[in-house]
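Worksheet: one structure, shown below.
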Amino acid sequence: MTRGYYPPITIRPAPSFDPPYVDEPGADEWYREAAGQLAFDFSALTRRPVPAPPTTPPALTPSLTASPEARHAAGRFARACLEILNGYRPAAHVRSLSRPTSAHALVEQLLDALRRMPVTPASPRRQQQPELVRLRRLRISEPAPGVVEAAAALGTDARTWAMAFRLEHTSTRWLGTVLQVL
């Protein structure tokens, strides 16, 4: 037994793929409608386009993805900042990962972020563990060779922060130049 109402099936003839002959009935109407259509150029499918010469040198074009060395350096710097925010390291440890001229600004940013972190009150019955700040997402780009810019989403279960930083490669290692925790 079927449920509901189903309309009857009607079978219609399939339209012809070929145009009608000139002497067939309705051919005049078909040719009038087809007169305004453009013909498809099949030769464009077989020709291969010639690439244009590059206008800028390849060394100056920004890379869409960061190199493995740059990704490793950005991850190492982000983990060090997380260890500072979670209290496993003192804020002064970021000095060894930054340029001497910008080390003070990076330490101040981390100390300011530490002041904004929520402190879990300890209950008298049992000692509660503070919520750890975790790295939720890290986006890395290399706008120029030897320069890494990264954006990180940091968070606990209750709150989320954003951290942006810039690393520059010296002759021996990657050093932080800018850090901002929002």
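Numbering starts at 1 and runs along the sequence shown. For clarity, every value in this text was computed on a predicted model and none was experimentally measured.
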Reported [atom1]-to-[atom2] distance for the pair [X] and [Y], which is rounded to 0.5 angstrom:
X      : Y      : atom1 : atom2 : value
Met163 : Phe77  : CE    : CZ    : 7.0 Å
Leu154 : Thr160 : CG    : OG1   : 9.0 Å
Phe165 : Ile140 : CZ    : CD1   : 6.5 Å
Ser98  : Leu179 : OG    : CG    : 9.5 Å

Kindly work out whether a path of hydrophobic side-chain contacts (I/L/V/M/F/W/Y, heavy atoms less than 4.5 Å apart) joins Val148 to Leu175.
no
Would a single hydrophobic cluster contain both Leu167 and Val178, if residues Ile, Leu, Val, Met, Phe, Trp and Tyr are joined by side-chain heavy-atom contacts under 4.5 Å?
no
Using the salt bridge (Lys or Arg N to Asp or Glu O under 4.0 Å) criterion, which residues pair with Arg134? Sequence neighbours excluded.
none
With sequence neighbours excluded, tell me which residues meet salt bridge (Lys or Arg N to Asp or Glu O under 4.0 Å) with Glu83.
Arg89
What residue among His72, Glu69, Arg76, Glu168 forms side chain to side chain contact (heavy atoms under 4.5 Å, CB included) with Trp174?
Glu69
[X] side chain to [Y] main-chain N or O, any donor-acceptor pair under 3.5 Å?
X      : Y      : answer
Arg136 : Thr156 : yes
Asn86  : Val133 : yes
Thr170 : Arg173 : yes

Side-chain donor-acceptor contacts of residues 106-113 below 3.5 Å, not counting sequence neighbours, with atom names and distances?
unit_1 : atom_1 : unit_2 : atom_2 : d
Gln109 : OE1    : Val181 : N      : 3.0

What's the shortest heavy-atom distance between [X] and [Y], and which atoms?
X      : Y      : value
Ala66  : Arg71  : O-NH1, 2.8 Å
Leu138 : Gly75  : CD2-CA, 4.0 Å
Val147 : Glu142 : O-CG, 3.1 Å

